[in-house]
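Working notes, beginning with the structure itself.
Along the sequence shown, residues are numbered consecutively beginning with 1. Every number for a ligand or one of its atoms is a count from 1 in the order of the listing.
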Amino acid sequence: MDRQNLTLLTDLYELTMMQGYFKHKDRNETVIFDAFYRNNPCDGGYAIAAGLEQLVKYIKDLHFSDHDIRYLSDLGIFDADFLDYLADFRFSGDIYAIPEGTVIFPREPLVKVIAPIMEAQLVETAILNIINHQSLIATKAARVCYAAKGDGIMEFGLRRAQGPDAGIYGARAAMIGGCIGTSNVLCGQLFDVPVKGTHAHSWIMSFPDEYTAFKTYADLYPTACILLVDTYDTLKSGVPNAIRVFQEMRAAGVPLTFYGIRLDSGDLAYLSKKARRMLDEAGFPDAVISASNDLDEYLIESLKAQGAAITSWGVGTNLITAKDNPAFGGVYKLAAVMGEDGSFIPKIKLSENSEKVTNPGNKKIYRVYEKETGKIKADLICLVDESFREDKPLLLFDPSEPWKKTKLPAGSFTLRELLVPVFKDGKCCYESPRVMDIRSYCMKEQDTLWDETKRFVNPHQVYVDLSRKLYDTKIELLDQMS
Ligand SMILES: Nc1ncnc2c1ncn2[C@@H]1O[C@H](COP(=O)(O)OP(=O)(O)OP(=O)(O)O)[C@@H](O)[C@H]1O
Ligand SMILES: O=P(O)(O)OC[C@H]1O[C@H](OP(=O)(O)OP(=O)(O)O)[C@H](O)[C@@H]1O
Ligand SMILES: O=C(O)c1cccnc1
């Protein structure tokens, strides 16, 4: 994906609407679109923003090549004047976004596009495609890492990902969410993240016996020597053969730095405890026991509760595909159009479902932290011309039940604005951090959540409140429409 022009990575209707705007509207009419999501993945209490670096690259590269124009012309639905316009097309607007690795909550704008309507419309599909995928996998990874309580999680999903892009960018997102490495070598090269791995059953099966396979592997890779012990019989053959090889390494003076076993089938709790005892009794208490086999956050949590002696985890299919929640559900909605006097006229989308009624206007988001603990108290969506101060009391109320109010005393909270400028007048003004730096930031972000929000069953939902002014604007629009 990084190597090609993605301008046609859009739904046809964006282009047919663009042509309609071109012919029947003021094509320079400036509008605001918000990308946001409505429900946390996996019924969780939060999500992790990811994908901004690829979004930035996509916007920077936006242009219709001669080849693209010829293709669109051949479709027979676009007129020459519109195709001429496309030939000179560049993104000229502003984009604000929540930085990658940030903890996010439903209904807050993750990306805000302020641009001429034709441009803002075109980019909908790709923005959602990129942000939805990576935010989903980063969130899943954060959950898996949370279950592992500080043990390392290796991302092993490339072979099970839905194609190369999902494998590459999914692994990138999994690193942001907290994995310590990936087996995906191209992801390692593209994003300078650690690549890690053990070996497959085929390695063992290709040798005349398990011991010879282990011994050969240990001679080749003595400093990262994790032996897969379940090809024949984990406790009767795999672990004893691994111990024999470790003893020989020690006897030969090979420093045992990072070594151990991987379990990939059977009862992982039982086998890991037995293996732990065998390794300890043989004098290898620091041998790592790693495990894989269709793991996810729930299984890891369960294995921990069962006292499994596993301290390193390989997670493939369920992470890279977010198997139990395969779509993030982010949407892109019109929030305002610019009036003749240059001010924005807020727009709202109605729905039978009150949760689906959009938040109108040109907005920004404050994150409100409890000063004493540094934990998130709530998020506050307001209009851009509003400002709130830490030295003034802050009144928060629940937008779905506005009579429920909380007044935070001045000095008891800190505020941070979440949306940062990414493009200004079509020029990029944002430099993406390195993935490993985003990962470190994401770890700190997750520390701002209470465990009650991170737990898997009925997590506490963080309040995403509206300012009084935004709330009143919304109610006024709803009144006008009814
Ligand atoms: N103690 C345990 N508690 C809960 N789930 C476990 C436990 N041990 C293993 N599992 C999980 O149970 C599932 C099935 O394990 P099992 O070993 O039967 O898998 P399998 O793929 O059938 O084995 P094999 O690879 O030998 O075919 C896997 O997702 C595995 O991670
Ligand atoms: O189970 P996942 O979470 O998807 O993790 C990746 C799986 O991929 C490998 O198995 P595979 O059978 O593909 O190859 P192998 O011969 O190396 O075990 C590995 O052993 C894991 O079990
Ligand atoms: O390195 C490993 O152990 C590995 C890599 C990919 C998939 N499963 C395991």
Using distance alone, with no hydrogens and no angle criterion, decide if [X] and [Y] have a side-chain donor and acceptor under 3.5 Å apart.
| X | Y | value |
| --- | --- | --- |
| Thr216 | Asp219 | no |
| Glu108 | Asn359 | no |
| Thr182 | Glu155 | yes |

With only distance considered, is [X] within less than 3.5 Å of ligand 2 through an N or O on each side?
| X | value |
| --- | --- |
| Asn318 | no |
| Arg160 | yes |
| His199 | no |

Any salt bridge between Lys140 and Asp296, counting N to O under 4.0 Å?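 Asp296 and Lys140: not salt-bridged.
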
What atoms of ligand 3 come within less than 4.0 Å of a heavy atom belonging to Gly197?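 Numbered from 1, ligand 3 contributes 1 (O).
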
In ligand 3, which numbered atoms sit nearer than 4.0 Å to a non-hydrogen atom of Arg262?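 Counting from 1, the qualifying ligand atoms are 3 (O), 9 (C).
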
Is it the side chain (CB and beyond), the backbone, both or neither of Met154 that lies under 4.0 Å from ligand 2, heavy atoms counted?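 Contact part for Met154 vs ligand 2: neither.
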
Region of Asn293 that comes within reach of ligand 2 [heavy atoms, distance under 4.0 Å]: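 Contact part for Asn293 vs ligand 2: backbone (N, CA, C, O).
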
With heavy atoms of [X] as the reference, note each atom of ligand 2 found under 4.0 Å away.
| X | result |
| --- | --- |
| Arg262 | 19 (C), 20 (O) |
| Gly316 | 2 (P), 3 (O), 4 (O), 5 (O) |
| Thr317 | 2 (P), 3 (O), 4 (O) |
| Asp294 | 1 (O), 2 (P), 3 (O) |
| Arg159 | 8 (O), 9 (C), 11 (P), 13 (O), 14 (O) |

Consider salt bridge (Lys or Arg N to Asp or Glu O under 4.0 Å). Of Arg172, Arg439, Arg434, which one does Asp192 pass it with?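 Testing Asp192 for a salt bridge (Lys or Arg N to Asp or Glu O under 4.0 Å) against Arg172, Arg439, Arg434 leaves exactly one candidate, Arg434.
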
For the CZ atom of Arg250 and the OH atom of Tyr259, what is their distance to the nearest 0.5 Å?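 Answer for the CZ-OH pair, Arg250 versus Tyr259, is 5.5 Å.
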
What's the spacing between Leu62 CG and Asn5 CG if we round to 0.5 Å?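 CG of Asn5 is found 7.5 Å from CG of Leu62.
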
Side chain, backbone, both or neither: the part of Arg159 lying under 4.0 Å from ligand 3 by heavy atom: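 Just the side chain.
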
Walk me through it: do Arg262 and Ser290 pass the test side-chain hydrogen bond (donor to acceptor under 3.5 Å, both in side chains)? CA-CA 5 Å; Arg262 174 160 74 97; Ser290 63; 5.3 Å; no

With heavy atoms of [X] as the reference, note each atom of ligand 1 found under 4.0 Å away.
| X | result |
| --- | --- |
| Leu299 | 4 (C), 5 (N), 6 (C), 29 (O), 31 (O) |
| Ala269 | 1 (N) |
| Gln306 | 1 (N), 2 (C), 3 (N), 4 (C) |
| Asp294 | 29 (O) |
| Leu295 | 31 (O) |

What residue and heavy atom of the protein are closest to [atom], and at what distance?
| atom | result |
| --- | --- |
| atom 25 (O) of ligand 1 | Ser265 CB, 3.3 Å |
| atom 15 (O) of ligand 1 | Asn293 ND2, 3.6 Å |
| atom 15 (P) of ligand 2 | His201 ND1, 3.4 Å |
| atom 1 (O) of ligand 3 | Thr198 N, 2.7 Å |
| atom 21 (C) of ligand 2 | Asp264 OD1, 3.6 Å |
| atom 17 (O) of ligand 2 | Ala200 CB, 3.2 Å |
| atom 9 (C) of ligand 3 | Phe156 CD1, 3.4 Å |

In this structure, are over 12 heavy atoms from other groups packed under 6.0 Å from Lys273 atom NZ?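 It does: Lys273 NZ has more than 12 such atoms within range.
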
Would you verify that at least one protein heavy atom lies under 4.0 Å from [atom], or report that none does?
| atom | result |
| --- | --- |
| atom 12 (O) of ligand 1 | no |
| atom 27 (O) of ligand 1 | no |
| atom 8 (N) of ligand 1 | yes |
| atom 18 (O) of ligand 1 | no |

Ring centroids only, cut at 6.0 angstrom: are Tyr46 and Phe105 within range, meaning strictly under it?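 No; Phe105 has its ring centre 6.0 Å or more from that of Tyr46.
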
Pair Tyr369 + Phe413: ring centers closer than 6.0 Å: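 Judged by ring-centre distance (under 6.0 Å), Tyr369 and Phe413 do not meet the cut-off.
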
Backbone N or O of [Y] within a donor-acceptor pair of the [X] side chain at under 3.5 Å?
| X | Y | result |
| --- | --- | --- |
| Asp230 | Ser265 | yes |
| Tyr298 | Phe456 | no |
| Ser65 | Asp68 | yes |

Any cation-pi pair here, Arg244 with Tyr211, using under 6.0 Å and within 45°?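 Output yes; distance and angle both within limits.
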
Parallel, tilted or perpendicular: rings of His199 and Phe214 (30°, 60°):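 Ring orientation, 0 to 90° scale: tilted.
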
So Tyr217 and Trp203, would you call those rings parallel, tilted or perpendicular, with 30° and 60° as cut-offs?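 If you compare the ring of Tyr217 with that of Trp203, the planes turn out perpendicular.
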
